[in-house]
Amino acid sequence: MPELPEVETSLRGIAPHLRGRRIVRLVARQRRLRWPVPETVDAAVAGQPVESLSRRAKYLLLHLPRGALILHLGMSGSLRVLPATTPAGAHDHIDLVLDDGRCLRLRDPRRFGSLHWAEPPIAAHPLLARLGPEPLSPGFDGAHLFRLSRDSRAPVKNFIMDSHVVVGVGNIYASEALHRAGIHPHRPAGRIALARHERLATSIKTVLAAAIAQGGTSLRDFVQEDGAPGYFAQALKVYGRAGLPCPGCGEPVRQQRIGQRSSFYCPRCQH
DNA sequence: CCGGACGCCTGTCGGC
DNA sequence: TGCCGACAGGCGTCCG
């Protein structure tokens with residue numbers, strides 16, 4: 001589910017409610033997520049103030065005085081800020097109870113999300129250490145894609161979903177960015193010229209920024225911190241639109257599995 | 001080193 | 001109506 005825009009939306013939604021607040025305690029109803037949540041996390045966060053929040057790739061970071069909580073939403077995770085007394089649903093696994101009577105609640109039906117405790121230097125944590133550049137940063141551009149792809153025979157869709165290449169691009173936005181750039185998702189990344197990689201990098205930035213502006217894409221599970229859905233689903237050009245006309249040329253959108261994931265593209269617009 | 005396949009989970013949907 | 005397989009915003013790991 002959550003790709004970069006959904007994680008960024010979650011960050012912007014929860015940050016005002018958490019910044020400066022103290023975490024009273026962590027309540028874990030289910031510790032078996034993508035990785036087990038160690039009980040040592042509970043003691044590390046109890047009584048600590050949240051100094052700031054940030055995002056790296058699809059990870060949310062809550063910075064405390066002695067380290068950071070690293071939170072990943074997996075495929076089906078979402079975060080709400082609620083009164084701590086709100087009854088927990090079946091998939092409400094973790095609460096961070098705050099000192100204002102509310103809590104940050106993680107819901108994750110599929111349990112592919114995860115929660116970690118990292119001590120400084122945070123960026124050296126194994127989950128963060130080897131990540132590629134942020135797509136919305138100046139350090140990510142067509143020259144970067146071009147350089148990294150020269151020896152790659154992987155389909156360009158897989159290439160841009162590789163977190164060593166660029167972070168945050170998941171299955172929805174990979175299809176959308178490639179459509180916008182006019183590049184066929186199956187084309188080997190190493191057989192794309194610099195000018196087209198520049199167009200691709202720009203498309204990735206444009207699509208992600210537009211999705212953030214709409215609060216992300218809600219297909220099933222994703223909601224913003226106040227429970228509202230993201231509204232970018234109505235702006236999707238190809239994802240989930242197999243058989244429907246391409247908004248650019250009217251040709252029916254095609255669906256094909258690439259690297260175990262459904263991919264959507266226009267056979268006329270994308271080469 | 002690379003690319004591709006496989007699990008990890010639960011819920012939902014389409015076909016029979 | 002019920003059952004069963006396929007599939008769903010991710011990603012670490014294993015295998016050839």
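Residue numbers start from 1 in every chain, and the chains themselves are labelled A, B, ... in the order their sequence lines are given, proteins ahead of strands.
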Over all strands shown, is A:Arg257 touching base, sugar-phosphate only, or nothing at heavy-atom distances under 4.0 angstrom? sugar-phosphate
Residues two or more places apart in sequence or in another chain: which of them pass side-chain contact (heavy atoms from CB on, under 4.5 Å) with A:Ala154? A:Ser152
List the steps, then state whether side-chain contact (heavy atoms from CB on, under 4.5 Å) holds for A:Leu69 with A:Val45. CA-CA 8 Å; A:Leu69 269 175; A:Val45 305; 3.7 Å; yes
Rounded to the nearest angstrom, tell me the gap between atom CD in A:Glu6 and atom P in C:dA8. 16 Å
Return the value, rounded to whole Å, for the distance between atom CZ of A:Arg111 and atom C1' of C:dC11. 17 Å
Only pairs at least two apart or in different chains count here, so list each ring pair (Phe, Tyr, Trp, His ring centres under 6.0 Å) that has a residue in residues 72-114 of chain A. A:Tyr59-A:His72
Within this structure, what is the CZ-to-P distance between A:Arg110 and C:dG10, rounded to whole angstrom? 10 Å
Salt bridge (Lys or Arg N to Asp or Glu O under 4.0 Å) test vs A:Glu134 passes for just one of A:Lys205, A:Arg56, A:Lys58, namely A:Arg56
Residues in salt bridge (Lys or Arg N to Asp or Glu O under 4.0 Å) with A:Arg187, at least two apart? none
Could you give the side-chain donor-acceptor pairs of residues 207-214 of chain A under 3.5 Å, partners two or more places apart or in another chain?
none

With a 4.5 Å limit on heavy-atom distance, are the side chains of A:Glu6 and A:Thr217 in contact? yes
Would you please say whether a donor-acceptor pair under 3.5 Å links the side chains of A:Gln224 and A:Thr9? no
Got a sec? Which of residues 28-36 of chain A come in under 4.0 Å of DNA chain B, heavy atoms? A:Arg32, A:Arg34
A:Phe264 CZ to C:dC7 P, in whole Å, measures 11 Å
Can you list everything that forms a side-chain contact (heavy atoms from CB on, under 4.5 Å) with A:Val24? Sequence neighbours excluded, please. A:Val97, A:Asp99
Ring pair (Phe, Tyr, Trp, His ring centres under 6.0 Å) filter on A:His125, not counting sequence neighbours, yields A:His116
Could you spell out the base pairing of DNA chain B as a dot-bracket line? Use Watson-Crick and G-U wobble contacts where both distances are under 3.5 Å, [ ] for crossing pairs, | for partners on a different strand. .|||||||.|||||||
Near DNA chain C, under 4.0 Å by heavy atom, which residues of residues 153-169 of chain A? none
Suppose the criterion is ring pair (Phe, Tyr, Trp, His ring centres under 6.0 Å): which pairs have a residue in residues 184-221 of chain A, not counting sequence neighbours? A:His184-A:Tyr265
Rounded to the nearest 0.5 Å, how far does CG of A:Leu64 lie from CD of A:Glu119? 11.0 Å
Below 4.0 Å: OP1/OP2 of C:dA8 and any side-chain N or O of A:Ser76: no
Rounded to whole Å, how long is the line connecting atom CG of A:Asp108 with atom C1' of C:dC11? 13 Å
Pairing residues for A:Glu251 by the side-chain contact (heavy atoms from CB on, under 4.5 Å) criterion, not counting sequence neighbours: A:Cys249, A:Cys266, A:Pro267, A:Arg268
Opening and closing nucleotides of DNA chain B in contact with chain A, under 4.0 Å to non-hydrogen atoms: B:dG3 to B:dG11
Atom-pair distance (CD on A:Glu3; P on C:dA8), nearest Å: 13 Å
For nucleotides B:dT10 and C:dT1, find the distance between their C1' atoms and express it as a whole number of Å. 22 Å
Measure from CD on A:Gln260 to C1' on C:dC7 and round the result to the nearest Å. 12 Å
Rounding to an integer number of Å, can you tell me how far A:His116 NE2 sits from C:dG10 C1'? 12 Å
